[in-house]
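Values below: all heavy atoms of this structure, side chains included; hydrogens, waters and symmetry mates excluded. Proteins get letters first, then strands, A, B, ... in listed order; numbering begins at 1 in each. Computed from a predicted structure; not experimentally measured.
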Amino acid sequence: MAQKPSIPKGTRDFFPAVMARRNYLFDTIKSVFQLYGYQPIETPAMENLSTLLGKYGEEGDKLLFKVLNSGDFLSNVPGNVLVDVDPGKVGAYLSEKGLRYDLTVPFARFVVQNRNELVFPFKRYQVQPVWRADRPQKGRYREFYQCDVDVIGSDSLLNEVELVQIVDEVYRRLNLSVTLKINNRKILSGIAETIGEADRIVDITVAIDKLEKIGNQKVNEELAAKGVSPEAIDKLQPILALNGNNFEKLEQLEKVIGGSLSGRQGIEEMHTIFKLLGTLNLALKVELDLTLARGLNYYTGAIFEVKANDVEMGSITGGGRYDDLTGIFGMPDVSGVGISFGADRIYDVMLQLNLFPEETLTASKVFFVNFGEQETLYLLPVLTLLRANGVACELYPEAAKMNKQMTYANRKNIPFVVLAGESEMASGKLTLKNMGTGTQSLVTSNELLSMLKGGA
RNA sequence: GUGGAUGUAGUUCAGUCGGUUAGAACGUCGGAUUGUGGUUCCGAAGGUCGCCGGUUCAAGUCCGGUCUUCCACCCCA
């Protein structure tokens with residue numbers, strides 16, 4: 001018996017109508033990337049696990065999809081490991097490849113591996129799927145597309161500013177109202193140093209990231225539970241209560257963490273970025289948000305996150321500066337910065353807000369009814385003529401009943417139908433029917449072409 | 001990984017207290033209409049009730065397990 005077909009959890013099939021919108025999204029994003037001089041690359045779906053492991057933090061490692069070794073995958077496993085099976089240990093012998101978790105780490109690998117052929121600063125974009133073994137839910141898939149833009153080999157904050165411009169341009173073109181939140185890892189380090197908990201930076205950032213969600217009180221409780229001293233939590237309070245515009249926040253911050261070197265650096269960087277952004281007339285709101293932490297381990301400077309203003313959805317774009325991601329692969333002192341647009345979430349948001357333009361889902365512009373062999377011979381040159389002039393058209397492959405053929409044209413939203421049987425052949429003409437209005441007219445093939453070519 | 005919901009025709013859903021032959025709408029297919037779709041009318045096909053097991057004279061209905069989808073947490077695009 002045939003089994004019911006299905007696809008893996010968290011993955012999806014895309015229908016033509018959905019693809020029309022997805023492609024609109026991808027094309028919009030790519031065209032902005034190109035406008036700023038970024039060039040496309042692609043990397044493999046699979047990377048060696050050694051490339052991926054340890055780059056995303058403990059949580060990220062758990063979410064990696066691993067690919068079972070081909071052939072006799074047990075042959076590498078030492079006997080003693082198999083006797084006393086520990087899933088964590090056996091895995092290392094069974095699998096040496098994994099599906100990519102993001103596009104940034106493979107990009108760093110790509111840069112190191114191909115450094116001699118690249119021109120630096122190297123500006124690339126990359127639109128490909130990534131996979132995470134997360135539990136699916138709203139706005140969360142196990143296979144989804146990221147649209148990354150990165151520039152590597154330049155420390156200049158002009159790059160950060162350019163990325164913000166790109167974010168602004170993309171969302172302006174998509175007609176989506178968003179807020180860009182921006183923070184800096186150096187400021188977060190400065191905070192941790194100032195309150196004397198320098199080595200607890202991860203716990204602290206994770207906790208304050210939740211400030212908006214669970215409130216000041218609960219954050220303090222969580223910090224205490226993680227072992228942060230009461231004095232340190234006390235020192236943290238003025239920072240959590242910052243207010244005013246971005247420059248005012250920086251000023252207040254300076255007073256609190258100015259004693260820390262990295263704190264000062266972070267504040268200075270942000271000051272420069274905000275100053276440059278101030279000259280650019282952006283449509284989106286940019287706000288300094290100290291609660292923005294971002295779990296990815298490799299960020300070292302500015303970090304970004306974009307949220308839609310009118311829809312409840314996780315971040316739809318995120319990124320930041322990474323000073324030493326290539327260092328892990330043996331190429332130190334090359335700094336990069338990039339952001340990633342989450343296409344699937346943007347799609348969900350736009351669909352909910354009805355922001356996709358009336359799609360031109362039309363596969364063909366003209367449909368030719370098939371009446372039989374003689375008629376087909378009569379029509380094929382007409383189809384060729386139309387196609388040579390860029391008019392998409394199709395002939396039904398069988399001489400099926402009219403009803404069936406017309407229904408087909410109707411369901412596919414084809415705007416024009418050509419009927420040509422005995423009488424049309426006798427007169428050397430074609431009957432053209434407008435499916436919207438229902439009107440018909442008798443035309444020559446050249447008349448047909450000029451009518452359709454003009455976009456009628 | 002933790003917690004909560006969910007699953008009946010292609011789709012969206014009914015299905016009473018456990019009771020004999022599981023229904024509707026939409027869709028599909030055929031006909032009314034042998035060269036005219038989208039409207040209308042008539043008719044038909046379509047179900048291992050997610051899967052496995054248990055309780056019972058009897059299970060779509062109750063119980064356990066498992067998988068799927070959805071939601072929240074964690075984390076993230």
J.: Mark yes or no for a side-chain to base donor-acceptor pair under 3.5 Å between Gln440(A) and G35(B), with no hydrogen or angle criteria applied.
T.: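 When only heavy-atom distances are counted, Gln440(A) does not reach the base of G35(B) through any donor-acceptor pair under 3.5 Å.
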J.: Counting any heavy atom closer than 4.0 Å, what does Glu424(A) reach on the DNA or RNA strands: base, sugar-phosphate only, or nothing?
T.: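 Base, at least one base heavy atom under 4.0 Å.
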J.: Give none if G23(B) has no partner; otherwise give the nucleotide forming a Watson-Crick or G-U wobble pair with it, both distances under 3.5 Å.
T.: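 Across any shown strand, G23(B) pairs with C13(B).
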J.: Measuring only the P atom in each nucleotide, how far is G64(B) from U6(B)? A whole number of Å is fine.
T.: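 To the nearest whole Å, 13 Å.
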J.: Please give the distance between the P atoms of C17(B) and U2(B) as a whole number of Å.
T.: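 Here C17(B) and U2(B) have their P atoms 35 Å from each other.
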J.: When we call it a touch if two heavy atoms are under 4.0 Å apart, what does Glu422(A) touch: a base, just sugar-phosphate, or nothing?
T.: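 It contacts base atoms.
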J.: Given the structure, check if the side chain of Arg411(A) and the base of G27(B) hold any donor-acceptor pair shorter than 3.5 Å.
T.: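 Such a pair does not exist between side chain and base.
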J.: Looking at every strand, decide which applies to Asp134(A) at a 4.0 Å heavy-atom threshold: base, sugar-phosphate, or nothing.
T.: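 Asp134(A): base contact, heavy atoms under 4.0 Å.
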J.: Answer with yes or no whether Lys9(A) presents, from its side chain, a donor or acceptor under 3.5 Å of a partner atom in the base of U68(B).
T.: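 No pair found.
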J.: Taking the C1' atom of each, how far is A22(B) from C73(B), in whole Å?
T.: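 These two C1' atoms come out 39 Å apart once rounded.
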J.: If you round to the nearest 0.5 Å, how far is OG1 of Thr326(A) from CZ of Phe110(A)?
T.: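 Interatomic distance, Phe110(A) CZ to Thr326(A) OG1, rounded to 0.5 Å: 14.0 Å.
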J.: Any base atoms under 4.0 Å from Gly60(A), or only sugar-phosphate, or nothing? Heavy atoms, all strands.
T.: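 Touches nothing.
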J.: Compare the ring of Phe144(A) with the six-membered ring in the base of A77(B) and state whether they stack (centres under 5.5 Å, planes under 30°).
T.: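 A stacking contact exists, since Phe144(A) sits close and nearly parallel to the base ring of A77(B).
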J.: Using a heavy-atom cut-off of 4.0 Å across all strands, would you classify Thr317(A) as base, sugar-phosphate, or nothing?
T.: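 Sugar-phosphate only.
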J.: Over all strands shown, is Ile316(A) touching base, sugar-phosphate only, or nothing at heavy-atom distances under 4.0 angstrom?
T.: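 Sugar-phosphate, no base atom in range.
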J.: Between G7(B) and G60(B), how far is it from one C1' atom to the other, in whole Å?
T.: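 To the nearest whole Å, 11 Å.
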J.: Taking any heavy-atom pair under 4.0 Å as a contact, classify Gly372(A): base, sugar-phosphate, or nothing.
T.: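 No contact at all - Gly372(A) keeps every heavy atom at 4.0 Å or more from the nucleic acid.
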J.: Do the side chain of Arg140(A) and the base of C75(B) come within less than 3.5 angstrom through a donor-acceptor pair of N or O atoms?
T.: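 Such a pair is found, so the answer is yes.
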J.: I'd like the P distance from A9(B) over to G23(B), given in whole Å.
T.: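 G23(B) and A9(B) have their P atoms separated by 14 Å.
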J.: Taking any heavy-atom pair under 4.0 Å as a contact, classify Gly421(A): base, sugar-phosphate, or nothing.
T.: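 Touches a base.
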J.: Quick check: any donor-acceptor pair below 3.5 Å linking the side-chain of Asn410(A) to the base of G37(B)?
T.: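 Yes, the side chain and the base share a sub-3.5 Å donor-acceptor pair.
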J.: Taking the inter-plane angle between the rings of Tyr396(A) and Phe367(A) on a 0 to 90° scale, is it parallel (under 30°), tilted (30 to 60°) or perpendicular (over 60°)?
T.: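 Tyr396(A) and Phe367(A): perpendicular rings.
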J.: Mind checking the C1' distance from U12(B) to A77(B)? Whole angstroms is fine.
T.: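 Pairwise C1' distance, U12(B) against A77(B), rounds to 31 Å.
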J.: Quick check: on RNA chain B, is the nucleotide nearest Val306(A) upstream (toward 5') of the one nearest Thr437(A), or the reverse? Name the residue that is more 5'.
T.: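 So the residue in question is Thr437(A).
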J.: Centre-to-centre under 6.0 Å for Phe33(A) and Phe341(A), is that the case here?
T.: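 Phe33(A) vs Phe341(A): aromatic centres under 6.0 Å.
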J.: Does this structure show an ion pair linking Asp102(A) with Lys55(A), if we count only N-O contacts that are shorter than 4.0 Å?
T.: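 No, this pair does not count.
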J.: When the nearest nucleotide of RNA chain B is assigned to Asp344(A) and to Lys138(A) on a heavy-atom basis, which residue is associated with the more 5' position?
T.: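 First, find each residue's nearest nucleotide; the 5'-ward one identifies Lys138(A).
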J.: Looking at every strand, decide which applies to Tyr141(A) at a 4.0 Å heavy-atom threshold: base, sugar-phosphate, or nothing.
T.: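 The answer is base, as Tyr141(A) lies within the cut-off (heavy atoms under 4.0 Å) of a base atom.
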J.: With rounding to the nearest 0.5 Å, note down the distance linking NZ in Lys404(A) to NZ in Lys401(A).
T.: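 Between atom NZ of Lys404(A) and atom NZ of Lys401(A) there are 9.0 Å.
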J.: C71(B) base to Arg135(A) side chain: any donor-acceptor pair below 3.5 Å?
T.: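 Looking at the base of C71(B), it does not pair with any donor or acceptor on the side chain of Arg135(A) (distance under 3.5 Å).
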